[in-house]
Amino acid sequence: MNTKARFPRRARLLKPAEYSRVFKKPVRSSDPLFTILASPGQSVDPRLGLAISKKNAKRAVDRNRIKRIIRESFRLHQQSLPVTDFVVMAKPVTKSRPNAELFKSLEQHWSRLLKLCKKYS
RNA sequence: GAAGUCGGCCGGGCAAUCGCGCGAUAUUGUUAAAUAUCGGGAGGAAAGUCCGGGCUCCGCAGGGCAGGGUGCCAGAUAACGUCUGGGAGGCGUAAGCCUACGGCCAGUGCAGCAGAAAAUAUACCGCCUGCUUUGCAGGUAAGGGUGAAAUGGUGCGGUAAGAGCGCACCGCGCAACAGGUAACUGUUUGCGGCAGGGUAAACCCCACCCGGAGCAAGAUCAAAUAGGGGAACAUUGGCUUGGCCCGAGCUGUUCCCGGGUAGAUCGCUUGAGGCAUACGGUGACGUAUUGUCCAGAUGAAUGAUUGCCAUGGCUUCGGCCAUACAGAACCCGGCUUACAGGCCGACUUCCUCG
RNA sequence: UGGGCCGUCGCCAAGCGGUAAGGCAACGGGUUUUGAUCCCGUCAUGCGGAGGUUCGAAUCCUCCCGGCCCAG
């Protein structure tokens with residue numbers, strides 16, 4: 001139904017309960033920049049949640065930048081993703097990397113998760 | 001031209017594509033919502049949370065003690081620990097800057113080491129006199145030495161040697177007078193030979209100020225669950241909003257029925273708002289008028305990519321690199337701290353030329 | 001958002017206006033055939049940072065920096 005690369009509210013995780021469900025039995029994908037947890041979704045669309053802790057990115061500016069980049073990347077790739085709930089977590093080094101590198105890393109994550117989720121289901 | 005002082009301002013720009021959340025309007029839809037168009041969408045510090053206020057609740061926000069804060073004077077302000085003007089002291093050639101800057105003649109405390117002596121008196125080396133002369137007694141506080149700090153400085157007189165012992169000038173204290181709203185000031189007058197040290201960011205005293213919590217405050221609608229709610233009576237203990245007391249409420253018993261967690265909505269952005277002009281005031285600021293609406297999220301919007309330009313640096317002249325500090329969360333007034341680079345104005349000193 | 005606490009040698013810490021204790025560790029020496037134990041000695045000039053008050057500050061005051069805890 002979403003022919004365009006949009007990012008409305010229903011494509012996000014909104015409640016603590018939804019987050020804890022993902023944390024309980026996730027499929028993991030990690031690299032030095034991000035860890036992404038995935039779990040089969042209950043909605044019609046793939047959904048995204050963000051977990052950027054103050055420990056990993058101390059300044060609010062850095063946290064906002066990381067979140068925006070993750071959302072942007074998710075928005076552009078959600079067409080190819082299965083109906084799954086994702087939670088993206090950042091690492092301590094993430095804040096010091098340029099935007100282009102973060103986009104590249106996330107792209108690899110999405111394609112890897114696509115394979116993993118197919119195997120899972 | 002160089003060095004410096006003060007004040008104010010900016011904090012990259014334009015375009016294209018793809019988005020996010022808010023408001024208004026329109027259409028669709030039973031609702032939830034969806035789509036389209038238009039409008040606007042981070043800061044000078046949004047930060048630290050160091051002060052002050054609004055707002056909300058604590059029945060009223062009351063009294064006393066305790067505790068905390070402020071501390072030259074006057075003003076500004078909703079208020080302040082902020083700001084403005086003035087005074088005093090200090091620093092600087094100057095422009096200018098800095099200052100917790102009330103009170104140790106209310107009381108209490110503290111001062112290691114050194115030094116004779118550290119706060120109430122005294123005398124180590126000295127100096128002078130006398131004597132029974134390798135010393136003792138008396139006088140003295142000029143000189144030396146110690147220390148952060150030792151009973152005012154210079155000169156003359158005076159004396160056995162000295163000493164405010166006396167005098168002159170300076171300093172200090174008190175009073176009067178004059179100026180100033182006041183702090184305070186003085187080529188003024190008079191009195192006092194000098195009061196007796198330091199420390200109050202030591203306890204403390206004096207003056208003034210402060211009730212407590214915080215928008216996750218609080219209000220409304222309400223799945224689940226039955227833990228409850230209201231009125232009357234009683235008052236030992238317990239609880240409540242600052243630590244205690246007074247005062248107030250709840251808990252207890254009886255009677256009567258409606259209450260409320262998850263979640264949602266409101267609070268939530270029109271305000272001690274901001275811009276412009278005029279007037280008053282040395283100034284902080286105030287008054288009046290015209291016109292204006294300028295972020296409102298909630299796992300948390302305000303973005304990403306590309307191109308061109310701007311600024312700075314490097315350059316093999318093709319280009320390449322860099323562009324700070326930092327992200328609203330109820331809202332304002334300050335303070336403090338961080339900050340690439342740049343702009344404007346006023347002033348000071350020095351050098352050169354005319 | 002609000003409130004509270006703490007930064008002292010490599011580690012654990014006492015001291016709270018007048019020379020910064022002590023223990024563990026480390027290093028050197030002694031004892032022992034060797035090692036442990038034990039004994040003696042040494043070490044770091046450092047009180048999170050910057051200002052101020054004071055003759056004198058780890059201590060008092062102000063502002064920053066870092067860490068921890070609590071309420072919701």
Start with the C-alpha gap between Arg75(A) and Glu72(A), add the side-chain angles, then the distance that decides, and say whether salt bridge (Lys or Arg N to Asp or Glu O under 4.0 Å) holds.
CA-CA 5 Å; Arg75(A) 184 174 69 81; Glu72(A) 184 72 10; 2.5 Å; yes
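- Distance check on atom C1': A222(B) versus G263(B) gives 8 Å, rounded to whole Å.
- Nucleotide G19(B) holds its P atom 9 Å from the CG atom of Leu76(A), rounded to whole Å.
- Rounded to whole Å, the C1' atom of C320(B) lies 36 Å from the corresponding atom of G41(B).
- U122(B) and A116(B) have their C1' atoms separated by 8 Å, with the value rounded to a whole Å.
- Nucleotide C308(B) forms a pair with G13(B), judged by Watson-Crick or G-U wobble geometry with both contacts under 3.5 Å.
- One can place CZ of Arg63(A) at 17 Å from C1' of U302(B), the figure rounded to the nearest angstrom.
- Distance CD1 (Ile70(A)) to P (C20(B)): 18 Å, rounded to an integer number of Å.
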For side chain to side chain donor-acceptor pair (under 3.5 Å), just list the numbers for Ser39(A) and Asp85(A), CA-CA rounded to whole Å, side-chain angles, deciding distance to a tenth of an Å, and then say yes or no.
CA-CA 5 Å; Ser39(A) 167; Asp85(A) 291 346; 6.0 Å; no
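- Base pairing analysis places U56(B) opposite A213(B); the two distances defining the Watson-Crick or G-U wobble pair are each below 3.5 Å.
- With a 4.5 Å cut-off on side-chain heavy atoms, Leu106(A) and Ile69(A) count as touching.
- For the C1' atoms, the distance from A114(B) to G56(C) is 15 Å, rounded to whole Å.
- The line from CG of Asn64(A) to CZ of Arg59(A) is 11.5 Å long, rounded to the nearest 0.5 Å.
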Starting from the C-alpha separation in whole Å, work towards a yes-or-no answer on side chain to side chain contact (heavy atoms under 4.5 Å, CB included) for Arg71(A) and Leu50(A).
CA-CA 9 Å; Arg71(A) 274 197 219 104; Leu50(A) 300 167; 3.9 Å; yes
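- Taking atom C1' in both A42(B) and U240(B), the straight-line distance is 43 Å, to the nearest Å.
- In this entry the base of A121(B) is anti relative to its sugar, with a glycosidic angle more than 90° from 0.
- One atom, CZ of Arg75(A), and another, C1' of A301(B), lie 14 Å apart when rounded to the nearest Å.
- For the pair Ala100(A) and Arg71(A), both in contact range of RNA chain B, the more 5′-proximal nearest nucleotide belongs to Arg71(A).
- The nucleotide U37(C) finds no pairing partner, because no Watson-Crick or G-U wobble arrangement with both distances shorter than 3.5 Å includes it.
- The base of G327(B) is paired with the side chain of Arg68(A) by a donor and an acceptor separated by under 3.5 Å.
- With G327(B), A300(B), G299(B) as the choices, the nucleotide that has an atom nearest any side-chain atom of Leu50(A) turns out to be A300(B).
- Against the 90° criterion about 0, the sugar-base torsion of G318(B) places it in the syn range.
- Shown here, G227(B) is classed syn by the O4'-C1'-N9-C4 or O4'-C1'-N1-C2 angle, which is within 90° of 0.
- In this structure, Arg65(A) atom CZ and A304(B) atom P are separated by 9 Å, rounded to whole Å.
- Across the C1' atoms, A74(B) and C184(B) are found 12 Å apart, a figure rounded to whole Å.
- A183(B) makes up no base pair with any nucleotide shown, lacking Watson-Crick or G-U wobble contacts both under 3.5 Å.
- Remark: Asn64(A) is not in phosphate contact with G303(B), judged by side-chain N or O atoms under 4.0 Å from OP1 or OP2.
- Comparing Lys67(A) and Glu72(A) by the nucleotide of RNA chain B whose heavy atom lies nearest to each, the residue mapping closer to the 5' end is Lys67(A).
- Nucleotides G109(B) and C203(B) have their C1' atoms positioned 7 Å apart, rounded to a whole Å.
- Side-chain N/O atoms of Ser73(A) and Trp110(A) include a donor and acceptor closer than 3.5 Å.
- Following rounding to the nearest Å, Ile66(A) (CD1) and G327(B) (C1') show an atom-to-atom distance of 14 Å.
- Across all strands shown, A36(B) forms a Watson-Crick or G-U wobble pair, both distances under 3.5 Å, with U25(B).
- Going from atom CD1 of Ile69(A) over to atom P of G19(B) covers 19 Å, rounded to whole Å.
- Remark: the separation of the C1' atoms in G139(B) and C165(B) is 15 Å, to the nearest Å.
- Two residues are said to be in side-chain contact when any heavy atoms from C-beta on lie closer than 4.5 Å; Arg28(A) and Ile36(A) fail this criterion.
- Nucleotide U140(B) has G126(B) as its partner under the Watson-Crick or G-U criteria, with both atom distances under 3.5 Å.
- We find that CG of Asp62(A) is positioned 12 Å from C1' of C325(B), with the value rounded to whole Å.
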